[in-house]
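Structure, as structure tokens:
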Amino acid sequence: MMKTRKGYTVYPLTVAQKFHFFYLDACVKKAVVNIGTSLTIETELDFDILRECILEAYNRSESMRLMFVKDKDGTWYQYVVDKAEPEIPFVDFSDKTMEEAEKTMREWTQIPMERQDSLMSRIVMIKMPDGFSGVYLLADHVIMDAQSLICFLRDIIEIYSHRVYDAVPYPKEMASYIEQLKKDLAYEAGSKAKERDEAYFHKLIESSEPIYNGIDGTKKLDLEREKTGNPNQRSAINVSDSVDSDLTVFHLEGEPTARLMDFCEKEHISLTCLLIMGLRTYFQKQNGNDDVSINTAIARRATLKEKRCGGTRIHSFPFRTIIPEDKTFMEGLREIRDLQNEMFRHANFDPVAYFAYRGRLYKNQPGQTYEPMALTYQPMTLKEKGLEKLGDIRYKTKWYPNGATSQAMYLTVMHRPEDNGLDFNFEHQVKAVSKEQLEFLYYYLCKIMFKGIENPGLSIGDIMKLV
């Protein structure tokens, strides 16, 4: 066990970090853990001041100063350095087209990062062809998830705004990453809470075996049953032999998005619940099963300290519901909400341990799964408190695909800055799921959700007939 590195205390990885290392090891393309994003603002920026603000944001955030080291047994550890001095280049794209600029940033996102003893992020100041300026940020998933990414970018803007505009106060301190890390490690070391969470999930897994639902029906499961000679086979392989991925994005306009959000607010249901309800109803319609599982991500950022400590805190678990067609849309939503609240309480449990236990119990072969896809909804936007003082300065965010995914299909739903409409970002293995299949899924998902919020008292069976 390492104790220190270059005079800094070293710590083991958390479960959330190990999860990324887990699929990183299995993936030939090491850029699979890269998150690339740009944030640009429609205003002239002073890039010298911006560079100072970026450095300040790095040094306010422990998680942005995280480094990793591997011991001679091949085990990874982490430590936080006192000061970060990343190079912050400036790239002027103003004489290029938008397509050329975005192609370059996509290429940056597909370059794997050096992991040993180096900062796990890169930042470039950019000036875009459309008159917007800002930053491109590349970060490794082991130090950052979507929420901490938004938190960090917002910190940069707030520090900059404080320097440049009189009315904007200096942002509040970030929370300590190390402090949260120690809490996570104490939980892992055999706490009562961990025992309770393990008991909860084991009971859930043991209740009965789930069943695989395909994006276009039972083809993959039928194939698996033929291959194994087991007519009762319930798991299937849904990934392809290639990790090459693409990003397919669908845009829902601001007005229909507002209808979904208003319904959620009125009924005290989160948008995640509505998305899960829409997706599971789609799979129920396509496969004829009342029993549907999809993977869902849980952010584990309930407290203010967790929200502001950076790092990666996402745990992803299968979310399984068995909702018969004669139940109403609203009953289905409430059932999802209750199960979600229950799972939140136990979400510190190790997802890798969850999958391992389930795999052993139901004798799954490597690659066999019950979940055709994973879902993340990202409620956090840069629009929140603090930035309205900048008046109506327009800004844009964009995500760049890293070109690889270990999952067949991963849907991230987030709000667009321009009109608060929703973007449905499907990252998918090119050989596992086609754009046409995704278009079909997205079309029906929207039809189901809107039909459901307009007629929450209708049965699920009726909604499936009407769409």
query = Are any side-chain N or O atoms of Glu188 and backbone N or O atoms of Thr14, one a donor and one an acceptor, separated by less than 3.5 Å?
reply = no

ask   = Distance-only, no hydrogens or angles: does the Asn402 side chain make a donor-acceptor pair with backbone N or O of Val32 under 3.5 Å?
value = yes

message = Check whether Ser148 reaches the backbone of Gly310 with its side chain - one donor and one acceptor, N or O, closer than 3.5 Å.
response = no

message = Before you tell me yes or no, could you show the steps for Thr405 and Glu427 under side-chain hydrogen bond (donor to acceptor under 3.5 Å, both in side chains), namely the whole-Å CA-CA distance, both residues' side-chain angles and the distance that decides it to 0.1 Å?
response = CA-CA 7 Å; Thr405 176; Glu427 190 180 7; 4.5 Å; no

ask   = Quick check: are there more than 12 heavy atoms from other residues, nucleotides or ligands sitting under 6.0 Å from CG of Asp166?
value = no

query = Looking at side-chain heavy atoms only, is the closest gap between Glu439 and Phe250 below 4.5 Å?
reply = yes

query = Do you know which two heavy atoms are closest between Ala84 and Leu55, and how far apart they sit?
reply = O-CD2, 3.9 Å

query = Can you list the steps and then say if Val80 with Tyr8 is a side-chain contact (heavy atoms from CB on, under 4.5 Å)?
reply = CA-CA 7 Å; Val80 173; Tyr8 297 107; over 6 Å; no

task = Search all heavy atoms of Arg308 against all heavy atoms of Lys172 and return the closest pair with its distance.
result = NH2-O, 2.6 Å

inquiry  = Show me the pairs that pass salt bridge (Lys or Arg N to Asp or Glu O under 4.0 Å) and involve residues 129-148, at least two apart or across chains.
reply    = Arg115-Asp140, Asp130-Lys396, Asp145-Arg301

query = Between Thr40 and Met128, what is the shortest heavy-atom contact and its length?
reply = CG2-CG, 3.8 Å

query = What pairs with Glu306 under salt bridge (Lys or Arg N to Asp or Glu O under 4.0 Å), at least two apart in sequence or on another chain?
reply = Arg313

query = How many angstroms lie between atom OG of Ser133 and atom CG of Asp92, to the nearest 0.5 angstrom?
reply = 8.0 Å

inquiry  = What I'd like to find out is whether the side chain of Leu137 reaches to under 4.5 Å of the side chain of Phe152, using heavy atoms alone.
reply    = yes

task = Identify whether the distance between the nearest side-chain nitrogen and carboxylate oxygen of Glu198 and Lys194 falls below 4.0 Å.
result = no

key: CA sep, side-chain torsions, deciding dist, call: Thr376, Tyr410, side-chain hydrogen bond (donor to acceptor under 3.5 Å, both in side chains)   = CA-CA 8 Å; Thr376 304; Tyr410 190 143; 2.7 Å; yes

query = Taking side chain as C-beta onward, heavy atoms only, is Leu39 less than 4.5 Å from Thr37?
reply = no

inquiry  = Any heavy-atom pair between the side chains of Pro171 and Arg60 that's under 4.5 Å?
reply    = yes

task = Enter the distance from Asp184:CG to Tyr177:OH here, rounded to the nearest 0.5 Å.
result = 8.0 Å

query = Would Lys103 and Glu107 count as a salt bridge (charged side-chain N to carboxylate O under 4.0 Å, His left out) if you check the C-alpha gap in whole Å, the side-chain angles of each, and the deciding distance to 0.1 Å?
reply = CA-CA 6 Å; Lys103 181 173 177 283; Glu107 284 163 3; 2.9 Å; yes

ask   = Does a donor on one side chain and an acceptor on the other come within less than 3.5 Å for Tyr58 and Ser121?
value = yes

task = State, without any angle test, whether Tyr79 and Thr4 hold a side-chain donor-acceptor pair at a distance under 3.5 Å.
result = no

inquiry  = Do Gln407 and Val239 make a side-chain contact, defined as non-hydrogen atoms from C-beta onward lying under 4.5 Å apart?
reply    = no

Gap between atom CZ of Phe317 and atom CD1 of Ile294 - 0.5 Å precision = 15.0 Å

ask   = Who passes salt bridge (Lys or Arg N to Asp or Glu O under 4.0 Å) against Arg106, sequence neighbours left out?
value = none

message = Does Arg5 form a side-chain contact (heavy atoms from CB on, under 4.5 Å) with Tyr77? I'd like the steps, not just the answer.
response = CA-CA 10 Å; Arg5 175 76 170 172; Tyr77 292 94; over 6 Å; no

ask   = Would you say the side chain of Leu45 lies within less than 4.5 Å of the side chain of Met125, judging by non-hydrogen atoms?
value = no

message = Just checking Glu44: does its CD atom have more than 12 heavy atoms from other residues, nucleotides or ligands closer to it than 6.0 angstrom?
response = no

note = Pro417 and Thr397 have their tightest heavy-atom pair at CG-OG1, 3.5 Å

For residues 265-272, which side-chain donor-acceptor pairs fall under 3.5 Å, sequence neighbours excluded?
from   : atom 1 : to     : atom 2 : distance (Å)
Ser270 : OG     : Cys273 : N      : 3.2

Gap between atom CE of Met67 and atom CG of Asp117 - 0.5 Å precision = 7.0 Å

key: Validation row, ring centre His251 to ring centre Tyr442 under 6.0 Å   = no

remark   = Minimal heavy-atom distance between Ile215 and Tyr282, with the atoms involved, is O-OH, 2.6 Å

request  = Dump the intermediate steps for salt bridge (charged side-chain N to carboxylate O under 4.0 Å, His left out) on Asp46 and Arg163, then the final yes or no.
outcome  = CA-CA 11 Å; Asp46 181 320; Arg163 290 271 302 261; over 6 Å; no

Ile336 vs Thr321 side-chain heavy atoms within contact, under 4.5 Å = yes

message = Counting neighbours of CZ on Phe90 that are heavy atoms of other residues, nucleotides or ligands and sit closer than 6.0 Å, is the number greater than 12?
response = yes

query = Hey, mind stepping through Met105 and Ile126 against side-chain contact (heavy atoms from CB on, under 4.5 Å) and telling me if it holds?
reply = CA-CA 10 Å; Met105 288 187 270; Ile126 51 175; 3.9 Å; yes

message = If I compare all heavy atoms of Arg65 with all of Asn59, which pair ends up nearest, and what's the gap?
response = NH1-O, 2.9 Å

query = Could you give the distance from CG (Leu260) to CE (Met449), rounded to the nearest 0.5 Å?
reply = 5.0 Å

Polar side-chain atom of Asn238 near backbone of Pro372 as donor-acceptor pair, under 3.5 Å = yes

message = Between Gln429 (side chain only) and Ser240 (backbone N and O only), is there a donor and an acceptor less than 3.5 Å apart?
response = yes

query = Hey, are Asn34 and Tyr400 close enough side-chain-wise for a donor-acceptor pair under 3.5 Å?
reply = no

For residues 346-361, dump all side-chain donor-acceptor pairs below 3.5 Å to protein atoms at least two apart in sequence or in another chain.
from   : atom 1 : to     : atom 2 : distance (Å)
His346 : ND1    : Asp197 : OD1    : 2.8
Asn348 : OD1    : Arg300 : NE     : 2.8
Asn348 : OD1    : Arg300 : NH2    : 3.2
Asp350 : OD1    : Val352 : N      : 2.8
Asp350 : OD1    : Ala353 : N      : 3.4
Tyr357 : OH     : Glu206 : OE2    : 2.3
Arg358 : NH1    : Glu371 : OE2    : 2.9
Arg358 : NH2    : Glu371 : OE1    : 2.8

4.5 Å side-chain heavy-atom contact, Met373 and His428 = no

message = How long is the straight-line distance from CZ of Phe283 back to CG of Leu445, given to the nearest 0.5 Å?
response = 9.5 Å

query = Under the side-chain contact (heavy atoms from CB on, under 4.5 Å) criterion, do Trp399 and Met414 qualify, and how do the steps go?
reply = CA-CA 11 Å; Trp399 295 75; Met414 40 194 7; 3.1 Å; yes

query = Is atom CD of Glu87 surrounded by more than 12 heavy atoms (other residues, nucleotides or ligands) closer than 6.0 Å?
reply = no

key: ring-ring contact (aromatic ring centres under 6.0 Å, His included) partners for His141, two or more places apart   = His20

Residue Lys30 excluded, over 12 heavy atoms near NZ under 6.0 Å = yes

